[in-house]
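Right, one structure below, let's go through it.
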Amino acid sequence: MFEEIRDQQEADGLDPYAPFEDEDEWGLVKWLVARVGQTAIDEFLKLPITRRLQTSFKSKHLFMKAIDKLPRGTEWNLKMITVEGDLEGPDGKQLTEELELWLRDPVDCIREMMANPAFAGVMSYAPEKVYVDETEAGRRYDEMWTGDWWWEMQGRLPEGAVVTPVILASDKTSLSQFKGDKQAWPVYLTIGNIAKDVRRQLSKHATVLLGYLPVSKLECFSATRRQVEGYRLYHYCMSVMVEPLVKAGTEGVCMMCPDGFVRRLFPILAALVADHPEQCLVACCRENRCPKCTVDWRQRGELVGSPLRTRDTTLENLQKHQRGELTTEEFEDKFGMRAIYQPFWADLPHSDIFESITPDILHQLHKGVFKDHIVNWCTELIGKDELDSRFKSMTDYASLRHFKAGISKVKQWTGTEHKEMEHVFLGAIAGAVNSQVMAAVRGVLDFIYYSQYQSHTSDTLNRMQDALTMFHDNKDVFVELGIREHFNIPKVHSMLHYIHSIKLFGSADGFNTESPERLHIDFAKRAYRASNRRDYVIQMTTWLRRQESIYIQEAYLAWLGYGMDLQAPDTEETDSESDDSDAEVECGTNNDLQVSRYPPTLSNTTLSLQTDIHVRSLDKFVAINESRGYYLPSTCPHPNTPISRLIEKHGASEFMRTLEEWLQARRPNATIRKLYPFDRVDVYKYISLLTPPHPHISDTKRFYKLRVYPEIPGRDARQQPTPAHFDTAVIIENENLYTGSGISGELSYAVVIYLYGLTGHLVGLRIGQVKVIFTPPRHFATTTRPLAYIHWFRPLQAFDTNLSMFRLVRSSRHRAPNAAIVPVDRILRPCHLIPRFGAGAAQPGLTAYNALDTVDEFYLNRYIDFEFFERLN
């Protein structure tokens, strides 16, 4: 694609920035398109100061004409659909309705993605079997090309064919913000050849808008027929939209790939991302049934397998009902189907729509099973006020949302808030419910966490199955307590299909409906706001076309070397000189089926930020080893702080004694001068700790922020003071016992040795509350490394099997805190402690900021993030 643009510009004698003058003008164009509306653009260009810029465009009209000269993506097409209803108008004729179907050719959209050189390092053309060890049980499932579906499909196609798994996502969304009922029904397309981490990033343009389905109330039909006719309209429009895939998936299409080779691609519908109502719409089944299997609606709450729906059987039953060979009662009650006689997927080659329906973590698990059911059931058991008080007094953590008004006051829940509640929910209800309820809730939470893993092995899938079994083994307690009468809930049943889908298509995080929800903002809501609200769809497509042109031009300039390099990190760059001969290009073959081993070397991993840390400079980053390190602010925020202030404000009552002991231990044969309260140290407010990657969680290293500062007064009477934060952390207590494989050690994690039945000990590790991060007084300095003053908790030995969490209490010494000084390189990562509320009401006056100092017992929260969850299992 970019070669054609370059050749055309050279033939026309144009500059790469054409139709604009130069780089500066192009920068202005990008800013105006991204930040300013059309009316404001017109006003801006008419300003006297703007006219002095001597831009090549003097008005909004000329500005838009220039943008329309930029390279375009796949063109939009309009298909008018006439719907004839069953109602008659005043003239005695059947009422009709004209609807607009806006769409683009899916094959052209795929061709455009395949031609994008930005995907050269993140594109796969063949299935792989990836192993973490030498056994079949060690097989790894993450990207789509590691799943069984791709291997099976490769065997169906001719030699040399490249499978292009088409992923469709659709979801109706509201366009009006405060009034009106305007809606849009976007359909998105991406391909499984692109790595899922890239597909999820909106800025990478790895997902394209395929079209807008018409949204209509179909008032030309009677009320009894309106619903089913709406279903049929959806399938008709989708069949028109995906019609080019029928021929392309059967015969294949030659396309230029990002690596410069031409291959014969077979685009095949592989996955459909949708919520439950739309899944049922696609599967032609009723919403009280499972869209994937034939389970009886009365058995959806049981842990029993049922035969999967099949394409041929479903089409046969639809035809029988259409011919009158199946009664409506049998068709609807026995098979649970809808009278959609021509589903859009009927002619798609090699595609099984029922296998293609992927897990919906957002709606099925976060919002469905957890929030709508588990939380509501537990609230009914515990009481709304008591549960709110426990959330209000939940201890603080750097990346954890605090529900300061409780959870019952939240009016509108988002997926992020569901996840935040999941981090602490099990600890919040501990003691207030019996052990069976705890086991059922723990089974659901464990299942939800495993479902979000970016990579799976047989081990994690087995643990995922065990979590589901735990829930089903204990769920009847809600019936015994009078909370439920049955569990015939579609979203509860959907959990049975997760493991099968993961084995087919790779980890479920690559198909989450959170991505379409995010795409709605740019492809629907922003596009609608750019219109004048009348005949808005055509204006939306025009706006989107221009936005796409801006991206293509920017990518083209980057390809020429005028901008940022499009090459993905950690990949080899290809020779920029290509063979431009006029010889006929033949489709390449696909003989590179691969079997790979994992893990990659740590040196190839990149850094990511787990919390809101913006590392502006790594001048003070200290690498402890290839896996760990830490970072302190470039400038010390509190130099020359007297020790008396640390004792008063930080609660560091044993600071002088422990520092003297530490200094003496460093120089056993020297006489160390006694410390005094007026001695000064340099004090830091936080430290950022780098932890290694983990294959199930992320292939990138991460920074975690550990906060250590007292209350900061407000600037004036109107501003509330900033509460103190003295975070807890996992610390190496005994370097001789610590093997490096404990929390945030190399690649394995949390070696737990069960010596005494159900109790255990994390070898060499201990939990402590960090009260001060400092560098020692200069005249005492025996090291340049910063130090940490900590208050210990007792060793990790008491284990609660109901919660699968360690119980902790503070450690004391001579009726004072058991304190110590340790180098900061022995701090592995922050951790979160949940107050052990017990069976009674939460302690009056308890808040998130005084709980650590007020409560006597805590739980070590294994749900605070995926890393802690996995490595404490």
Side-chain angles (χ1 to χ4, degrees), residues 77-103 170-176 179-187 210-243 274-289 291 314-315 317-347 524 528 531-541:
N77 297 303
L78 170 62
K79 179 177 176 61
M80 298 301 300
I81 300 173
T82 302
V83 178
E84 183 176 325
D86 64 340
L87 297 179
E88 293 183 355
D91 56 359
K93 296 182 179 180
Q94 299 294 115
L95 293 178
T96 61
E97 188 171 346
E98 292 289 326
L99 301 176
E100 294 182 356
L101 172 61
W102 288 89
L103 71 163
S170 64
D171 181 35
K172 191 186 298 184
T173 184
S174 175
L175 299 174
S176 308
K179 61 180 181 179
D181 59 351
K182 298 292 190 298
Q183 291 181 313
W185 201 331
V187 179
L210 184 59
Y212 289 115
L213 300 175
V215 179
S216 171
K217 296 179 181 179
L218 295 180
E219 294 179 347
C220 58
F221 287 99
S222 58
T224 56
R225 286 192 55 187
R226 194 169 296 158
Q227 187 178 55
V228 71
E229 293 298 338
Y231 300 150
R232 292 171 180 172
L233 174 65
Y234 167 86
H235 277 267
Y236 173 76
C237 293
M238 285 294 295
S239 66
V240 174
M241 195 171 286
V242 302
E243 191 273 334
D275 57 16
H276 179 74
E278 195 155 332
Q279 288 178 0
C280 294
L281 172 58
V282 169
C284 305
C285 72
R286 305 176 72 178
E287 290 185 16
N288 65 346
R289 300 300 179 102
T314 301
L315 291 174
N317 288 333
L318 289 171
Q319 292 167 6
K320 285 182 177 180
H321 184 260
Q322 188 177 20
R323 295 193 300 262
E325 298 174 13
L326 274 180
T327 64
T328 299
E329 182 179 359
E330 187 178 15
F331 182 75
E332 294 181 352
D333 295 341
K334 180 180 178 181
F335 298 109
M337 298 181 67
R338 288 170 169 161
I340 305 167
Y341 301 127
Q342 294 178 317
F344 76 86
W345 40 264
D347 297 324
Y528 175 73
S531 72
N532 63 8
R533 299 353 183 228
R534 295 187 299 272
D535 294 327
Y536 54 87
V537 179
I538 187 173
Q539 297 176 59
M540 291 167 66
T541 58

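Count residues from 1 along the sequence.
Within 6.0 Å of atom CD in Gln342, 12 or fewer heavy atoms from other residues, nucleotides or ligands are found, so the atom counts as exposed in its surroundings. In this structure, Leu78 places its CG atom where more than 12 heavy-atom neighbours from other residues, nucleotides or ligands lie under 6.0 Å away. Counting heavy-atom neighbours within 6.0 Å of Glu98 CD, excluding the residue itself, gives a total above 12.
Side chain to side chain, Gln183 and Ser174 fail the donor-acceptor criterion of an N or O pair below 3.5 Å.
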task: For the pair Cys220 and Leu87, evaluate side-chain contact (heavy atoms from CB on, under 4.5 Å) and give the outcome as yes or no after the intermediate values.
output: CA-CA 6 Å; Cys220 58; Leu87 297 179; 5.8 Å; no
task: Go through the steps to decide whether Trp345 and His235 satisfy the test side-chain contact (heavy atoms from CB on, under 4.5 Å), and finish with yes or no.
output: CA-CA 8 Å; Trp345 40 264; His235 277 267; 4.0 Å; yes
Output a table of donor-acceptor pairs, distance under 3.5 Å, between side-chain atoms of residues 212-219 and any protein atom two or more places apart or on a different chain; print 'none' if there are none.
residue, atom, partner, partner atom, Å
Tyr212, OH, Phe523, O, 2.3
Ser216, OG, Glu97, OE1, 3.3
Ser216, OG, Glu97, OE2, 2.5
Ser216, OG, Leu218, N, 3.0

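In terms of heavy atoms, Asn317 sits closest to Leu326 at O-CD1, 3.7 Å. Across Tyr528 and Leu175, no two heavy atoms sit closer than the pair CD2-O, 3.6 Å. Across every non-hydrogen atom of Glu287 and His276, the tightest pair is O-NE2, 2.9 Å. Of all heavy-atom pairs between Leu101 and Leu103, the closest is O-CD2, 3.5 Å. The minimum heavy-atom distance linking Glu332 with Met337 is given by the pair CG-O, 3.8 Å. Scanning both residues, Ala346 and Leu315, for their nearest heavy atoms gives CB-CD2, 4.0 Å.
In this structure, Thr173 and Pro186 have side chains that are in contact, with non-hydrogen atoms separated by less than 4.5 Å. In this structure the side chain of Glu88 reaches within 4.5 angstrom of the side chain of Gln94, judged on heavy atoms. Within the 4.5 Å cutoff, no side-chain heavy atoms of Thr314 are placed close to those of Phe335.
Partners of Tyr236 by ring-ring contact (aromatic ring centres under 6.0 Å, His included), not counting sequence neighbours: none found. Qualifying salt bridge (Lys or Arg N to Asp or Glu O under 4.0 Å) partners for Arg286, counting only residues two or more places apart in sequence or in other chains: Asp333. Remark: Gln227 pairs with Tyr231 by the side chain to side chain donor-acceptor pair (under 3.5 Å) rule, at least two apart or across chains. Scored by the ring-ring contact (aromatic ring centres under 6.0 Å, His included) test, Phe221 finds no partners at all (sequence neighbours excluded). With sequence neighbours excluded, no residue forms a ring-ring contact (aromatic ring centres under 6.0 Å, His included) with Trp102. Residues passing the ring-ring contact (aromatic ring centres under 6.0 Å, His included) test with His321 are Phe331, Tyr341, sequence neighbours excluded. In this view, Arg323 and Glu325 satisfy the side chain to side chain donor-acceptor pair (under 3.5 Å) rule, not counting sequence neighbours. Partners of Asn532 by side chain to side chain donor-acceptor pair (under 3.5 Å), not counting sequence neighbours, listed by chain and number: Gln539. Arg289 is linked by a salt bridge (Lys or Arg N to Asp or Glu O under 4.0 Å) to nothing, counting only residues two or more places apart in sequence or in another chain. Under the salt bridge (Lys or Arg N to Asp or Glu O under 4.0 Å) criterion, Glu229 pairs with Arg225, Arg232, sequence neighbours left out. For Lys320, the salt bridge (Lys or Arg N to Asp or Glu O under 4.0 Å) partners at least two apart in sequence or on another chain are Glu316.
At distances below 3.5 Å, not a single donor-acceptor pair connects side-chain atoms of Glu84 with backbone N or O atoms of Thr96.
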